[in-house]
Colleague: 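Okay, here's the structure, questions in a sec.
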Amino acid sequence: LLIYCQYSQNVFSIINSVQITEKNAEPEKTLLTYLRRNLGLTGTKLGCAEGGCGACTVMVSKYHPYQNRIIHYAVNACLAPLCSLHHCAVTTVEGIGSVASKLHPVQERIAKAHGSQCGFCTPGIVMSMYALLRNNPQPSMHDIQEAFQGNLCRCTGYRPILEGYRTFTKDGGCCGGKGQSNGSQKLYDQSEFMPLDPTQEIIFPPELMVKQPQRELRFAGERALWIQPCSLEELLELKATYPNAKLVVGNTEVGIEMKFKNLLYPVILAPAYIPELNIIQNTQDGIQVGASVTLTVLGDVLRAAVKKLPAHQTEVFKAVLEQLRWFAGQQIRNVAVCHVPEDKKKTILKPEEILLSIEIPYTRKYFSAFKQSPRKEDDIAIVTCGMNVFFKEQSNIVQSIRISYGGMAPVTVLATATCNRLLNRQWNEELLEEACTSLVEEMSLSPSAPGGMVTYRRTLTISLFYKFFLNVQHKLSLDLQKEGVTVEDVRPEYATATELFQLDSPSSVQLYQVQIYHDDVVGQPIMHLSALKQATGEAIYCDDIPCYENELHLALVTSTKAHALIKSIDTSDAMAVPGVVAFISAKDIPGSNMTGPVVYDETVFADDKVTCVGHIVGAFVADTQAHAQRAAKAVKISYEELQPVIVTIQDAIANKSFFQPVRSIERGDVAQGFKDSDHILHGEMHIGGQEQFYLETNCTLAFPRGEDGEMELFVSTQSASKTQALVAKALGVPANRVVCRVKRMGGGFGGKESRSTILSTVVAVAAHTVKRPVRCMLDRDEDMLVTGGRHPFFGHYKVGYMNNGKVMALEVMLYSNAGNSLDLSLSIFFLIFERALFHMDNSYNIPNIRGTGYMCKTNLPSNSAFRGFGGPQGMMIAESWMSDVALSCGLPAEEVRRMNMYKEGDFTPFNQRLDKFTIDRCWEECMQLSDFNKRKDAVEQYNRQHRWTKRGLSIIPTKFGISFTAVFLNQAGALVLVYSDGSVLLTHGGTEMGQGLHTKMVQVASKTLGIPCSKIHITETSTNTVPNTSPTAASASSDLNGMAIYNACQTLLQRLQPYKDKNLKGCWEDWVKAAYFDRVNLSANGFYKTPDLGYDFETNSGKPFNYFSYGVAVSEVEIDCLTGSHKNLHTSIVMDVGKSLNPALDIGQVEGGFMQGLGLFTLEELRYSPDGYLYTRGPGMYKIPAFGDIPIELKISLLRDTPNEKAIFSSKAVGEPPLFLAASVFYAIKDAITAARAESNLTGPFRLDSPATPERIRNACEDKFTKLCPPADPGTFIPWAVQV
């Protein structure tokens, strides 16, 4: 895409040799919108609209007049203004290769290395890698990891992406390719990869090398004027004329303000090409950098200076480079510039003034800067600081010192009083104590301060100063030693506190049982069937469907109050927005406004009352998404607030706000068990919720057919039949008038099982009302606001145990925050809460056990299904009390766990016998794979030698029941059509969301019919081919749909058998053709229901699960006791997946599930205000694991020789069971914290809630610094955020 901007407001573009002139370019339009809506290039995806996920990555190329070279760089198309691309070339994923023509090696390798599951993030990752290779054809692994800092993936766990792209490095090695069993079998063969030939890349268009005439460019839009001045004089004149105009270079801040803060800037000035703002020059005191120089260029300049200049001059440069390492992602750094806020209250700039340049000074030796954030990569700081000290000659006496902090006030603050107190003091322990005491007083924070984490932030101010103190002490001792002066150096065990965070390149091993029959497609590591299409952008997702000619776009109007009556809705201003067609609300519903996946306790639109922030009140339809969203923001709703507002589990307990029924499971004599125990302990644990964060947000396209009330829906949903049923209910028509079609999803994870229907019903009602097609793809912030997520849990337990650690009795009370409706909480108490109770024992045989569960009704959006349902929460609380028992006994945790584990033939608390119980084998193999005993010795030695960093090690088992516990859902249908040419069209009730279900089902059909996979095709899932489908959930889809397909294929084989018998030398096509001419039915529908299921809570009898999946994980971590950060050093996983249908897909599910669990237990934190407002509504504040969070060493082994006769071809479910194994990381962290607490003479059990964020880790590592910052007493203040 070549773009030229003319003074006449035309944008001239060339795409694949096609010239396009875009008249009157809109300043508010982003490159992403232009690509997708104007040009139909849908390979570039919308994931977040704030530059945080990388799904929209494209490459921009331009001739840079000030660098005198062509530059290629990755950018976020969701933030890049169309008007900013004057004289640039843009390359999208479609521009580098396609399945239809020729793949680019970057596309081929991510697909064949199994690095694409749902595929929604894949084009962005491909383009980040492509941009890197255009600049550096033989990068290092460090270069690749850095290039991906701005990209997120929710499916794969990142390992296969990195291993696939490792083949581009100088070494060219590929651990993923070495993953094998007995050294003989690979997941893929890298020798098949096309070589990368840089000479064959698209050349930079010569016409863009021509120097452009210097003249001002103007683009006037509907609401904004974009002006690109060509000189400093012009810019200053414009700033004087428009003093409130915003200056935009990368649009990384202004774009987000306009999108999410609803701010409008009528005049935008773009000074990117003004020579004075692009200056880079050395001065006597440092390096002067123009205000339009990007952070990437700044980094290059500083790195060159560090190599060239003496070390004592470059301390500030090194500190800036260290901050740039962790600032945003590569895409943002490529366009963002050194920025000073233009708000005159915060800077000395006058409205008519601009920032011209900054000077980064040379320094003497003692300078440090620190940044602490929840996630290391691409994250916003909690606290930052910069510190500098000068000493009197040949001494350790402070001559001057400056200490500054960010994150402790609305602006950066200097610790002036502390600095004054430290003058003329010796740099020693007395100075440290004085500094810490003074900083605690000076850097105080209100307990209600915005951002929360007040105790942690206050502790960080002194912890980070202590790091600076040690850093200086070490350097100073070395420097003074050279001058003959002796001062104390840092103690060896303190040294790691001064080290910078380093991320090593990951390594991995994958082990699986080789399929010895190569003609048998089942058991082979076949690539995901859509992987190549996903890597080229040709795979079609819901919002990629081309727009209908008269299509409208919809935007939701949601409640801003958690519990209130709606007094009035004023839409007058909203209806005046250009392009708005209608406002849709409850009065427009032709059928029933009541909805819900199990119980109809929700509304399509709030009628007179809202019960959460984000409750859907209405919707606007307009000609564009931008107009619909503007209208939605312009509506005025008046409320009468109601009490109480119940947000947290504790609120619900206090107000006795529970859904019914209360469930309980009991086995044995619990009272007697406690009497027989040597000891009894009590404990509590809170487990936070989790956002599904599928990269593709919820999307629906509704097309009214115009007769008989027919409606066709294209939906990103896991539950096509439930969508069909609820839309029909809202429209007041039978289900046979509604067709729901699902091609694929960009991730689901349970979040699109039921909550997708809240959007689908709204869009369908709107389409019915306006009699036109209506489309809505939610923005990330909307999706996170309205859809809910994983249930937060609170557990209280009482455990009786013997001196040797044997648990005799357990009583556990589980509370879940269900939100404002039942959703699946009840049936998911058949799928969520009951599953939590069914897993409250994890893998441990407790002779006397009682578990009770309460579903809390709160004023939050209804929580719903998420991978594992309630299982991970129930098992997490089990591991909490098991950890407490081990700590109380002073015994190794692995011994206590092993002693209490089930054995073959034991019965669960719900009286199901454990047959083919393989955890013993998983445990032993995992101990061996991880070299556990040797690793444990090394951890203990490390901890003896280091005070401020500690390592921890943990081994955790999992036992996960497979089946929908709602018995009726354990059924599936399939339709297999054989055409006369021998090709086969396969349809089944499951949906594809990246897990490879369609790929496995094609493998099943291929094996059963005895034909190659290439002859079989699946187009989509639709309600008009297979009716009454169960949701694709509960890890049961391969089992159910695989058996249904097998059933249908067997029917076809029986019909074809006579023709095979007549023509034994014939082939598949011959037999099909013969049957066709003989008028044989070549279509068959198959059906399967899981036998012998059913459980009764009243009698505690029956069989809730068809079988169990088992696994064990060992993890090792390292924590920084001063900041709470941690590194994942090692994980080994052994997983029983039966006889794997596809080892590549199954290992991908193990790794992906593990990484989601890693987010749940260590990183992801939903933060709500006391009034129920969700703060964490995008990747800016809500952090899922990134590339840098995977364990540095990761080993995955699929257990050998464990066929499972209860599922298709002896396989086992694999989607959900591995997620909980990430608890091994949590308990390794807890093990490391235990070592840190021992340094302060603290022993025994302690509470650590999930997730184990840096805040919780630091606060648990109690020491002399934390004692200086005690938390405020609960109830004496209103916190900024509450634990829901």
Side-chain angles (χ1 to χ4, degrees), residues 551-559 564-571 574-575 580-612 614-622 628 631-632 635 637 698-715 717 719 721-740 754-776 778 782 786-787 820-823 861-862 1023:
E551 183 180 297
L552 296 173
H553 295 260
L554 179 142
L556 299 177
V557 176
T558 57
S559 165
L565 297 175
I566 299 174
K567 303 303 289 180
S568 66
I569 302 175
D570 180 0
T571 62
M575 292 302 295
V580 172
V581 173
F583 173 66
I584 311 296
S585 62
K587 62 180 174 51
D588 298 298
I589 294 177
S592 171
N593 192 29
M594 300 308 295
T595 189
V598 179
V599 178
Y600 299 139
D601 63 344
E602 300 181 59
T603 56
V604 177
F605 294 108
D607 203 349
D608 55 354
K609 182 180 178 182
V610 295
T611 53
C612 69
H615 200 148
I616 298 172
V617 175
F620 282 96
V621 286
V635 72
I637 304 176
N698 276 288
C699 182
T700 295
L701 170 58
F703 181 72
R705 285 297 183 184
E707 57 179 277
D708 300 327
E710 291 182 11
M711 182 75 70
E712 186 172 23
L713 299 165
F714 299 88
V715 189
T717 182
S719 188
S721 290
K722 183 56 65 177
T723 301
Q724 174 194 37
L726 292 180
V727 166
K729 186 174 189 296
L731 297 181
V733 298
N736 63 3
R737 309 299 167 87
V738 177
V739 175
C740 180
S754 64
R755 301 319 289 167
S756 60
T757 62
I758 66 174
L759 178 66
S760 300
T761 49
V762 167
V763 174
V765 168
H768 175 272
T769 303
V770 298
K771 303 292 189 287
R772 290 165 66 176
V774 174
R775 175 190 305 250
C776 180
L778 295 180
E782 295 175 300
V786 304
T787 59
N820 67 341
S821 72
L822 269 171
D823 187 69
S862 188
T1023 55

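Numbering of residues begins at 1 and proceeds along the displayed sequence. Note that the structure is a prediction, hence the values are computed from the model and not measured.
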Colleague: Using 4.0 Å as the upper bound for N to carboxylate O, is an ion pair formed by Arg737 and Asp708?
Modeller: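 Looking at Asp708 and Arg737, the cut-off is not met.
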Colleague: Is a side-chain N or O of Asp588 found less than 3.5 angstrom from the main chain of Thr769, in a donor-acceptor match?
Modeller: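 Flag not set: sc Asp588 to bb Thr769 has no pair under 3.5 Å.
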Colleague: Between Arg755 and Ile758, is any pair of side-chain heavy atoms under 4.5 Å apart?
Modeller: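 With C-beta onward as the side chain, the pair touches.
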Colleague: Between atom OG of Ser592 and atom CG of Leu731, what is the distance when rounded to the nearest 0.5 Å?
Modeller: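 CG of Leu731 is found 11.0 Å from OG of Ser592.
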Colleague: Determine yes or no for a side-chain-to-main-chain donor-acceptor pair under 3.5 angstrom, with Lys729 supplying the side chain and Gly591 the backbone.
Modeller: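 No; judged by distance alone, with no hydrogens or angles, the pair does not exist.
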Colleague: Once you round to the nearest 0.5 Å, how far does OG1 of Thr603 lie from CD1 of Ile616?
Modeller: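 It is 8.5 Å, given to the nearest 0.5 Å.
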Colleague: What heavy-atom pair brings Ala574 and Val580 nearest, and what distance separates the two atoms?
Modeller: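 Closest approach of Ala574 to Val580: O-CG2, 3.6 Å.
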Colleague: Do side-chain atoms of Thr1023 reach the backbone of Cys740 as a donor and acceptor pair under 3.5 angstrom?
Modeller: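 Indeed, once roles are kept as given, a pair shorter than 3.5 Å links the two residues.
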Colleague: Is the shortest heavy-atom distance from the side chain of Val598 to the side chain of Leu822 under 4.5 Å?
Modeller: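 Answer no - side chains too far apart.
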Colleague: Give a yes or no answer on whether the side chain of Asn593 reaches the backbone of Phe605 with a donor-acceptor pair at less than 3.5 Å.
Modeller: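 Here the side-chain-to-backbone pair exists.
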Colleague: Considering the options Val774, Ile589, Leu556, Thr700, which one meets the side-chain contact (heavy atoms from CB on, under 4.5 Å) requirement together with Val762?
Modeller: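 The single option meeting the side-chain contact (heavy atoms from CB on, under 4.5 Å) with Val762 is Leu556.
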Colleague: Would you check if Tyr600 and Leu726 make a side-chain contact, meaning some heavy-atom pair closer than 4.5 Å?
Modeller: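 In short, these two side chains touch, coming nearer than 4.5 Å.
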Colleague: Spell out, as yes or no, whether a donor-acceptor pair under 3.5 Å connects the side chain of Ser862 to the backbone of Ser821.
Modeller: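 Side chain of Ser862 to backbone of Ser821: a pair is present.
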Colleague: Distance from Thr558 atom OG1 to Ile637 atom CD1, nearest 0.5 Å?
Modeller: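 Atom-to-atom, Thr558:OG1 and Ile637:CD1 are 8.0 Å apart.
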Colleague: Please give me the minimum heavy-atom distance between Ala702 and Leu713, naming the atom from each residue.
Modeller: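 Nearest pair, atom of Ala702 first, then Leu713: CB-CD2, 3.5 Å.
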Colleague: When rounded to the nearest 0.5 angstrom, what is the spacing between CG in Asp608 and NZ in Lys567?
Modeller: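 With rounding to 0.5 Å, CG (Asp608) is 10.0 Å from NZ (Lys567).
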Colleague: Can you name the nearest heavy-atom pair linking Leu554 to Ala766, along with the distance?
Modeller: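 Taking Leu554 first and Ala766 second, the nearest heavy atoms are CD1-CB, 3.5 Å.
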Colleague: Atom CG of Asp607 and atom CD1 of Ile566: how far apart are they, to the nearest 0.5 Å?
Modeller: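 That separation rounds to 7.5 Å.
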Colleague: Looking at Ala735, is its backbone amide N or carbonyl O close enough to the side chain of Gln724 to form a donor-acceptor pair, meaning the two atoms are under 3.5 Å apart?
Modeller: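 Present.
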Colleague: Where do Thr717 and Ser756 come nearest, in terms of heavy atoms and distance?
Modeller: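 In terms of heavy atoms, the two residues are closest at OG1-OG, 2.9 Å.
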Colleague: Would you give the length of the straight line joining atom CZ of Arg775 to atom CG of Leu552, rounded to the nearest 0.5 angstrom?
Modeller: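 With rounding to 0.5 Å, CZ (Arg775) is 11.5 Å from CG (Leu552).
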Colleague: What are the two closest heavy atoms between His768 and Lys771, and how far apart are they?
Modeller: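 Where His768 meets Lys771 most closely, the heavy atoms are O-NZ, 2.8 Å.
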Colleague: If I compare all heavy atoms of Cys612 with all of Asn820, which pair ends up nearest, and what's the gap?
Modeller: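 Residues Cys612 and Asn820, closest heavy atoms: SG-ND2, 3.5 Å.
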Colleague: For the residue pair Pro861 and Val786, establish whether any side-chain heavy-atom pair is separated by less than 4.5 Å.
Modeller: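 Not touching, per the 4.5 Å side-chain cut-off.
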